[in-house]
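Below is one structure; the comments refer to it alone.
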Amino acid sequence: MSYREYVIAAYAVFALMLAWDYIAPRLAIARQLRAARRLAARRAARPARNDRT
Amino acid sequence: MSDMNPVLRWFHQLGSPPYFDRFATRWAPWGYVLGALVMGWGVYGALFQVPADYQQGDSFRILYIHVPAAWMSLLVFGLMALYSAIALIWRIKLCEILAMACAPIGAAFTVVTLATGSIWGKPMWGTWWDWDPRLTSQLVLLFLYLGVIGLYHAIDDRRTAARAAGLLALVGVVMLPVIRYSVVWWNSLHQGQTIRVFGESSMDPSMLPPLVWMVIGTKFWFAGSLLARARADNLQREAGKDWVRRIAEAGKA
């Protein structure tokens, strides 16, 4: 390998880390909001307590 | 509350989960964008403006990511320990969240430090790895980060988990001076201090500007990532609350 190839490899590692560091929290936020929507839908589908003796 | 010092009032407001969510949603993208722009400028300088080193040739350009990443790995651990201490002493929930959000970012910077150091070491030292004091202590730091992350996710109750992981972060802070002074205390293959904040650096001034940009850029990036990760954890802890449902239904990702 030439020196330049080592440099490219190192910068590629850094770029991959930054990409992961950007995407991972966005995916986590989207997952939490999806879970919140599912929970809200389940609660809406459940009859209100007074309508259920 | 209305006649409270505005800065103090802002800190109190920030402790409110919905207020923090709005704050993080607004400012996280700014951290990412500013970080990417400043680091982009730094990378351009490192690859195309700075002359090749007279001994190391082009391979020295790796140091423009290795050094800022290494500094971040130490800084983030210190910050994580500080947040953990505040969370343990004053039981501030937001500090628990911020401390735990630091761990994966710090671990990522530590991985980059070890990987880029290794990639630089192969052509310069002739080996990918050496059980040198600096390299070994940095590897221990990575294990500490992984320990904090693992402990936080191993306990179901988030507050108990954050306290246990925070305690590990506080104990681990002893590694920071060990890493910093490992090249002074022991006979090390790793070079000594090249860049000094106070005093003269042994690096040629023509080579410094891209390094400064990279150091600043990584800080902005970290701020963006910290807010985004803390927001995700905050949403998880507050799952089922009305304010979370309203945001979810409004589709604010």
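Letters go in sequence order (proteins before strands), and every chain restarts at 1. Computed over heavy atoms, backbone and side chain alike; hydrogens, waters and symmetry mates excluded.
- Heavy atoms from other residues, nucleotides or ligands lying under 6.0 Å from OH of Y19(B) number more than 12.
- Proximity to chain B (any heavy atom under 4.5 Å) is shown, for L16(A), by neither the backbone nor the side chain.
- Annotation: D157(B), atom CG; neighbour count of heavy atoms from other residues, nucleotides and ligands within 6.0 Å is above 12.
- Between chain B and the residues L27(A), V13(A), L18(A), the largest count of heavy-atom pairs under 4.5 Å involves L18(A).
- Here the OG1 atom belonging to T218(B) is positioned 7.0 Å from the CZ atom belonging to F14(A), to the nearest 0.5 angstrom.
- Scanning both residues, A10(A) and I65(B), for their nearest heavy atoms gives O-CD1, 3.3 Å.
- Proximity to chain B (any heavy atom under 4.5 Å) is shown, for A35(A), by neither the backbone nor the side chain.
- Residues of residues 113-120 of chain B that come closer than 4.5 Å to chain A, counting heavy atoms only, are A115(B), T116(B), I119(B), ordered by residue number.
- Contacts between residues 98-112 of chain B and chain A, defined by a heavy-atom separation under 4.5 Å, are made by P104(B), I105(B), A108(B), F109(B), V112(B).
- The number of heavy-atom neighbours closer than 6.0 Å to CZ of F222(B), taken from other residues, nucleotides and ligands shown, is above 12.
- Looking only at side-chain heavy atoms (C-beta outward), R229(B) and D21(A) come within less than 4.5 Å of each other.
- Taking a 6.0 Å sphere around CH2 of W20(A), one finds it holds more than 12 heavy atoms contributed by other residues, nucleotides or ligands.
- The shortest heavy-atom contact between P25(A) and A232(B) is O-CB, 4.3 Å.
- What you find for V244(B) and A36(A) is that their closest heavy atoms are CG1-CB, 3.7 Å.
- Checking side-chain atoms of R37(A) against main-chain N and O of A248(B) turns up a donor-acceptor pair under 3.5 Å.
- Considering every non-hydrogen atom in both V7(A) and I62(B), the closest pair reads CA-CG1, 3.9 Å.
- Between R231(B) and I29(A) there is a side-chain heavy-atom pair separated by less than 4.5 Å.
- Chain A forms the most heavy-atom pairs under 4.5 Å with one residue out of Y64(B), Y32(B), F60(B), and that residue is Y32(B).
- Applying a 4.5 Å heavy-atom cutoff, the residues of residues 34-44 of chain B that approach chain A are M39(B), V43(B).
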Distance-only criterion, 3.5 Å: show the donor-acceptor pairs between side-chain atoms of residues 137-152 of chain B and protein atoms not counting sequence neighbours.
| unit_1 | atom_1 | unit_2 | atom_2 | d |
| --- | --- | --- | --- | --- |
| S137(B) | OG | P133(B) | O | 2.7 |
| S137(B) | OG | R134(B) | O | 3.0 |
| Q138(B) | NE2 | S73(B) | OG | 2.9 |
| Y145(B) | OH | S73(B) | O | 2.6 |
| Y145(B) | OH | F77(B) | N | 2.9 |
| Y152(B) | OH | D233(B) | OD1 | 3.3 |
| Y152(B) | OH | D233(B) | OD2 | 2.6 |
| Y152(B) | OH | R237(B) | NH2 | 3.2 |

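- Remark: side-chain polar atoms of Y11(A) are paired, donor with acceptor, to backbone N or O of R61(B) under 3.5 angstrom.
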